[in-house]
Amino acid sequence: MYSPLKQRSSNEKNRYSQDHLLSPVSSEEDLELGALDQQQARIPHRHDLKGIKEHVEEHFDRPELVKDCILGLADGLTVPFALAAGLSSLGDNRIVIFGGLAELVSGAISMGLGGYLAAKSEAEHYETEREREAREVELYPEEEEEEIIELFEPYGLDRTSMEPMMVKFRENTEKFVDFMMRFELNLELPDPNRSWISALTIGTSYLIGGLIPLLPYLFVNDTKDGLFISVLVTSITLFIFGYVKSIYLRPKQALMGALQTLIIGAVAAACSYGIVAIVDANSPQAEAAAA
């Protein structure tokens with residue numbers, strides 16, 4: 001370890017030891033701190049290099065939560081915006097408000113339910129695959145070991161170098177199955193609360209995103225003024241949302257991602273407005289009024 005960092009780590013441990021001797025700590029806290037020290041010893045750059053311009057591990061802890069937020073907000077900003085714009089062509093503010101609110105509530109429920117069912121299906125798929133993999137490990141352990149060798153051969157590891165790991169797996173078949181699930185099937189154990197969290201996250205994000213294009217119509221009486229303000233506010237929101245989303249997903253293309261999100265929302269709203277306007281212009285009521 002680089003000497004200033006080593007000295008810093010040593011000083012921090014000494015200071016912790018002195019504080020620890022002076023303060024009462026429960027046995028559970030001792031175990032947690034011991035595990036933390038063990039992790040720090042194995043991967044020191046995650047802890048010792050904080051605040052220093054060196055490599056620090058920075059990854060999403062809950063990427064599925066970010067994905068759900070993006071999904072809910074993206075649809076919430078686009079679909080109600082397009083619907084409100086389309087209904088605006090009818091020239092009745094009440095239709096826009098009532099129709100938009102009805103779509104907003106039903107859309108949030110539908111999106112949340114879709115997220116719940118998707119997460120539930122993912123958990124059921126994992127359990128099914130795990131049962132199948134457990135049977136294969138029990139019935140064909142030699143073939144499963146060969147599959148592990150095939151997985152790691154491209155990285156220069158042969159059976160001889162991996163034999164100690166094979167011995168551990170033979171002693172603990174549960175860990176054997178866990179390993180095969182993770183590295184052969186690329187499946188991870190889902191969070192048991194994932195389905196409800198996903199439903200609430202997607203539904204709430206959709207509701208929040210969908211309120212933005214509808215709010216202007218609640219404060220103005222003229223539909224054209226409401227449409228103009230809604231387009232302005234929603235366009236700014238779409239641009240900001242696209243930029244922030246791209247900062248996390250692809251920072252080098254953040255501006256392009258913001259413009260892409262804005263263009264998609266604008267095209268959807270324009271198409272909705274144009275289609276409703278054309279249908280309304282060719283309706284029997286419009287033809288009778290023109291005659």
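The two residues A119 and S195 have their closest heavy-atom pair at CB-CA, 3.4 Å. Heavy atoms only, all atoms of each residue included: Y217 and L227 are closest at OH-CA, 3.3 Å. Smallest separation of non-hydrogen atoms from S198 and D68: OG-OD2, 3.2 Å. Closest of all the heavy-atom pairs between R159 and E145 is NH1-OE1, 3.5 Å. Between T78 and A74, the shortest heavy-atom contact is OG1-O, 2.8 Å. Nearest approach of S230 to P213, heavy atoms of both residues: OG-O, 2.8 Å.
Contact of the M180 side chain with the E136 side chain is not registered, since no non-hydrogen atoms from C-beta on lie closer than 4.5 Å. Looking at I148 and M162, their side chains come closer than 4.5 Å, going by heavy atoms from C-beta outward. Side-chain contact between S246 and Q253 is absent, with no heavy atoms from C-beta onward closer than 4.5 Å. Side-chain contact between E184 and L151: present, with at least one pair of heavy atoms (C-beta onward) separated by less than 4.5 Å. Annotation: side chain of M181 is in contact with side chain of Y126 (closest heavy-atom distance under 4.5 Å). By the 4.5 Å heavy-atom criterion applied to side chains, Y206 and L104 are counted as neighbours. At a threshold of 4.5 Å between non-hydrogen side-chain atoms, the residues I149 and M166 count as touching.
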Q | Steps toward side chain to side chain contact (heavy atoms under 4.5 Å, CB included) verdict (L90, L87) | A | CA-CA 6 Å; L90 300 176; L87 295 178; 4.3 Å; yes
Q: Test L71 against S205 for side chain to side chain contact (heavy atoms under 4.5 Å, CB included), laying out the working first.
A: CA-CA 8 Å; L71 177 63; S205 299; over 6 Å; no
Q. How far apart are the C-alpha atoms of W196 and D191, what are their side-chain angles, what is the distance that settles it, and do they pass the side chain to side chain contact (heavy atoms under 4.5 Å, CB included) test?
A. CA-CA 10 Å; W196 288 106; D191 185 345; over 6 Å; no
Q | Intermediate values then yes/no, side chain to side chain contact (heavy atoms under 4.5 Å, CB included), F241 and I70 | A | CA-CA 9 Å; F241 168 71; I70 291 175; 4.2 Å; yes
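One finds the CZ atom of F219 at 15.0 Å from the CG atom of D225 (value rounded to the nearest 0.5 Å). In this structure, CZ in R194 is found 13.0 Å from CG in L189, a value given to the nearest 0.5 Å. Atom OG1 of residue T261 and atom NZ of residue K245 lie 3.5 Å apart, to the nearest 0.5 angstrom. Summarising the geometry, atom CD belonging to E143 is positioned 10.5 Å from atom CD belonging to E150; distances are rounded to the nearest 0.5 Å. Within the model, atoms CG of L101 and CG of L218 stand 6.5 Å from one another, a figure rounded to the nearest 0.5 Å. Distance check: K168 NZ to E171 CD gives 5.5 Å after rounding to the nearest 0.5 Å.
Under a hydrophobic-cluster definition in which Ile, Leu, Val, Met, Phe, Trp and Tyr are linked whenever side-chain heavy atoms come within less than 4.5 Å, directly or via other members, V105 and L211 are assigned to different clusters. Criterion: ILVMFWY side-chain heavy atoms under 4.5 Å apart, direct or through other members. Under it, I95 and I97 are part of a common hydrophobic cluster. Side-chain heavy atoms closer than 4.5 Å link hydrophobic residues (I, L, V, M, F, W, Y) into clusters, and following such links, even through other members, never connects Y116 to V66. Residues L238 and V267 are members of separate hydrophobic clusters, defined by side-chain heavy-atom contacts under 4.5 angstrom among Ile, Leu, Val, Met, Phe, Trp and Tyr. Residue Y243 is not grouped with residue I208 when hydrophobic side chains (ILVMFWY) are merged at heavy-atom distances under 4.5 angstrom, including chains of intermediate members.
Test L77, L73, I236 against I212 for side chain to side chain contact (heavy atoms under 4.5 Å, CB included) and you get one pass: L77.
Counting non-hydrogen atoms of other residues, nucleotides and ligands closer than 6.0 Å to CZ of F183 gives a total above 12. Within 6.0 Å of atom CG in N186, more than 12 heavy atoms from other residues, nucleotides or ligands are found, so the atom counts as buried in its surroundings. Applying the 6.0 Å contact sphere to CZ of R94 captures no more than 12 heavy atoms from other residues, nucleotides or ligands. For F152, the CZ atom sits in a packed shell: over 12 heavy atoms of surrounding residues, nucleotides or ligands are nearer than 6.0 Å.
Salt-bridge formation is not detected for the pair E127/R130: no Lys NZ or Arg NE/NH1/NH2 atom is positioned less than 4.0 Å from an Asp or Glu carboxylate oxygen.
Relative orientation of the F179 and F169 rings is tilted, given thresholds of 30° and 60° on the angle between their planes.
Checking side-chain atoms of D158 against main-chain N and O of E153 turns up no donor-acceptor pair under 3.5 Å. With hydrogens and angles ignored, the 3.5 Å screen pairs no side-chain donor or acceptor of T201 with any backbone N or O of L65. Proximity of a side-chain donor or acceptor of S235 to a complementary backbone N or O of V231 within less than 3.5 Å is detected.
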